[in-house]
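Worth saying up front: this structure is predicted, and the values here are computed from it rather than measured. By convention here, the first residue in the shown sequence is residue 1. All heavy atoms count here, side chains included; hydrogens, waters and symmetry mates do not.
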Amino acid sequence: MIIDNLSFDISWNEALLPEFDKDYMTSLKAFLRAEKDNGKVILPQSDNWFNALKSTALDDVKVVILGQDPYPTPGHAHGLCFSVLPEVKSTPKSLINIYKELKDDLGIKNTNGCLQSWAEQGVLLLNSVLTVECGQANSHQGKGWEQFTDKVISIINEQERPIIFVLWGAYAQKKGGVIDASRHLVIRSVHPSPLSAYRGFFGSRPFSQVNQFLKQQGQSEINWQL
C-alpha cells in the first residue's frame with residue numbers, strides 16, 4: 001500500500017511514526033493511491049520517497065538544505081533535493097550553479113550530479129514535497145507532504161546541538177520561518193536557479209560558512225568533493 005513502506009533511518013521513528021496516523025497523511029495516501037490507480041507515474045520511485053531521512057540519521061544531521069519538490073524528469077529524482085541519480089549525464093541547471101559557487105567558494109570542481117555522499121556526511125537534503133507526477137512540476141503541492149516536512153524541520157529545530165539551515169530562495173526561507181536562529185545558524189540567499197542566481201546566490205559562499213561553523217563547534221567539516 002502507498003507510503004506503508006517506511007524506509008527511513010530508525011532514529012526518526014519515535015518522532016515521525018505518529019504522523020502516519022494523522023488525517024492529513026490519510027488524505028495524502030488516498031491522493032497518491034488514486035493517482036497510481038489512474039495510471040499516473042509518480043516520481044521518484046516509492047523506495048526513494050524517504051531517501052533523505054534514510055540517508056541521514058536524526059542524530060547525524062549537521063546541515064539541512066531545503067528544496068521544493070522532486071525533478072519531474074524520469075530517472076532523475078531519487079529523494080534528495082537538487083540531486084540526480086549517478087547515471088544522469090545532464091546536470092540540472094540549478095545544480096550547475098551550485099557547483100559554480102562551490103568552485104568559487106572552496107575551489108572544488110564537481111561534475112557528478114549525485115549528492116548521496118553529502119547526505120551520508122550529515123547534510124539532510126530535504127524537499128518540501130516528496131513526490132511529483134512525471135512531467136508535471138509542482139503537481140503534488142498542497143496534498144499533505146508540506147505538513148510532514150514541516151514536522152521534520154520542527155524536530156531538527158528542537159535539537160539542543162546547533163544545526164546549520166541553508167535556505168535558498170523565498171520558498172525555502174518561508175518554510176524555514178520556524179527555525180530558532182538564536183540557537184542554529186541560518187544561511188539565506190536567493191535560489192541557485194538561472195533566473196535568480198546572479199541576484200545574490202553567486203558570491204554567498206555557503207559551503208565555507210558551513211565548514212567554518214562546524215569547525216567552531218568541534219565537528220568534522222563536510223567534504224563537498226564528489
Just checking, any donor-acceptor pair under 3.5 angstrom between side chains of Gln141 and Asn138? yes
Under the side chain to side chain donor-acceptor pair (under 3.5 Å) rule, what do Lys62 and Ser220 come out as? Steps first, then yes or no, please. CA-CA 10 Å; Lys62 298 178 179 179; Ser220 57; 2.5 Å; yes
Cluster overlap Ile155 with Ile10, hydrophobic side-chain contacts below 4.5 Å: no
Can you establish whether the number of heavy atoms outside Asp37 located under 6.0 Å from its atom CG is more than 12? yes
How would you list all residue pairs meeting side chain to side chain donor-acceptor pair (under 3.5 Å) that involve residues 160-181, not counting sequence neighbours? Ser128-Tyr171, Ser128-Lys175, Thr149-Lys175, Asp150-Lys175, Gln159-Arg161, Asp180-Ser182, Asp180-Arg183
Can the ring centres of Phe50 and Trp145 be said to be less than 6.0 Å apart? yes
When you measure from the side chain of Thr56 to the backbone of Val61, do you find a donor-acceptor pair of N or O atoms at a distance under 3.5 Å? no
Side chain to side chain donor-acceptor pair (under 3.5 Å) against Asn112, all qualifying residues, sequence neighbours excluded: none
Evaluation steps, side chain to side chain contact (heavy atoms under 4.5 Å, CB included), between Leu126 and Val152: CA-CA 9 Å; Leu126 183 68; Val152 174; 3.9 Å; yes
Separation between CD1 (Ile164) and CD1 (Ile65), nearest 0.5 Å, reads 10.0 Å
Honestly curious: do Leu66 and Leu58 fall in one hydrophobic cluster under the side-chain, below-4.5 Å linking rule? yes
Can you check whether Asp69 reaches His140 side chain to side chain, under 4.5 Å on heavy atoms? no
Counting only heavy atoms not in Glu87 (residues, nucleotides, ligands), do more than 12 fall under 6.0 Å from its CD? yes
For Val41, what are the other residues in its hydrophobic cluster, where any two members join if their side-chain heavy atoms are less than 4.5 angstrom apart? Leu43, Val132
Measure from NZ or CZ of Lys54 to the centre of the six-membered ring of Phe8, then state whether that distance is under 6.0 Å and the direction lies within 45° of the axis. no
Can you see whether Asn51 engages Ser55 through a side-chain donor-acceptor pair at a distance of less than 3.5 angstrom? yes
If the condition is ring-ring contact (aromatic ring centres under 6.0 Å, His included), which residues does His191 pass it with, not counting sequence neighbours? Phe82
I'd like to check the salt bridge (Lys or Arg N to Asp or Glu O under 4.0 Å) partners of Asp105; sequence neighbours left out, ordered by chain and number. Arg205
Val84/Thr91 under side chain to side chain contact (heavy atoms under 4.5 Å, CB included): CA gap, chis, key distance, verdict: CA-CA 8 Å; Val84 292; Thr91 305; 5.9 Å; no
Between Asn97 and Pro192 (side chain of the first, backbone of the second, donor and acceptor by atom type, cut-off under 3.5 Å), is there such a pair? yes
Distance-minimising heavy-atom pair for Ser193 and Ser94: CA-OG, 3.4 Å
Partner set under ring-ring contact (aromatic ring centres under 6.0 Å, His included) for Trp224, not counting sequence neighbours: Trp118, Phe207
Donor-acceptor pair between Gln121 and Asn223 side chains, under 3.5 angstrom: no
Evaluate the side chain to side chain contact (heavy atoms under 4.5 Å, CB included) criterion for residues Ile187 and Leu167: first the C-alpha distance (whole Å), next the side-chain angles of each, then the deciding distance (0.1 Å), finally the verdict. CA-CA 6 Å; Ile187 298 173; Leu167 309 179; over 6 Å; no
To the nearest 0.5 angstrom, please state how far the CG atom of Leu85 sits from the CG atom of Leu80. 9.0 Å
Which residues pass the ring-ring contact (aromatic ring centres under 6.0 Å, His included) test with Tyr71, not counting sequence neighbours? none
Only counting residues at least two apart or in another chain, list the ones meeting side chain to side chain donor-acceptor pair (under 3.5 Å) with Tyr24. Glu19
Please list, chain by chain and in numerical order, all residues satisfying ring-ring contact (aromatic ring centres under 6.0 Å, His included) with His78, sequence neighbours excluded. none
Salt bridge (charged side-chain N to carboxylate O under 4.0 Å, His left out) pairs touching residues 116-138, sequence neighbours excluded, are Lys40-Glu133
Got a sec, which residues hit salt bridge (Lys or Arg N to Asp or Glu O under 4.0 Å) with Asp104, two or more places apart in sequence or on another chain? Lys100
Would you say the side chain of Leu226 lies within less than 4.5 Å of the side chain of Leu115, judging by non-hydrogen atoms? yes
Qualifying residues under salt bridge (Lys or Arg N to Asp or Glu O under 4.0 Å), relative to Glu221, sequence neighbours excluded: none
Can you tell me how far apart CZ (Arg33) and CD1 (Ile42) are? Round to the nearest 0.5 Å. 10.5 Å
Please answer: with hydrophobic residues joined when any side-chain heavy atoms are less than 4.5 Å apart, are Ile98 and Ile222 in the same cluster? yes
Would Asn110 and Gln225 satisfy side chain to side chain contact (heavy atoms under 4.5 Å, CB included), going step by step from the backbone distance to the final call? CA-CA 7 Å; Asn110 284 337; Gln225 181 76 62; 3.0 Å; yes
Connected via hydrophobic side-chain network under 4.5 Å: Val123 and Phe165: no
Any chain of hydrophobic side-chain contacts (each under 4.5 Å) joining Leu106 to Phe202? yes
Interatomic spacing from CD1 in Ile156 to NZ in Lys151 - rounded to 0.5 Å: 11.5 Å
Minimum heavy-atom distance between Met25 and Phe20, given as atom pair plus value: CG-CA, 3.7 Å
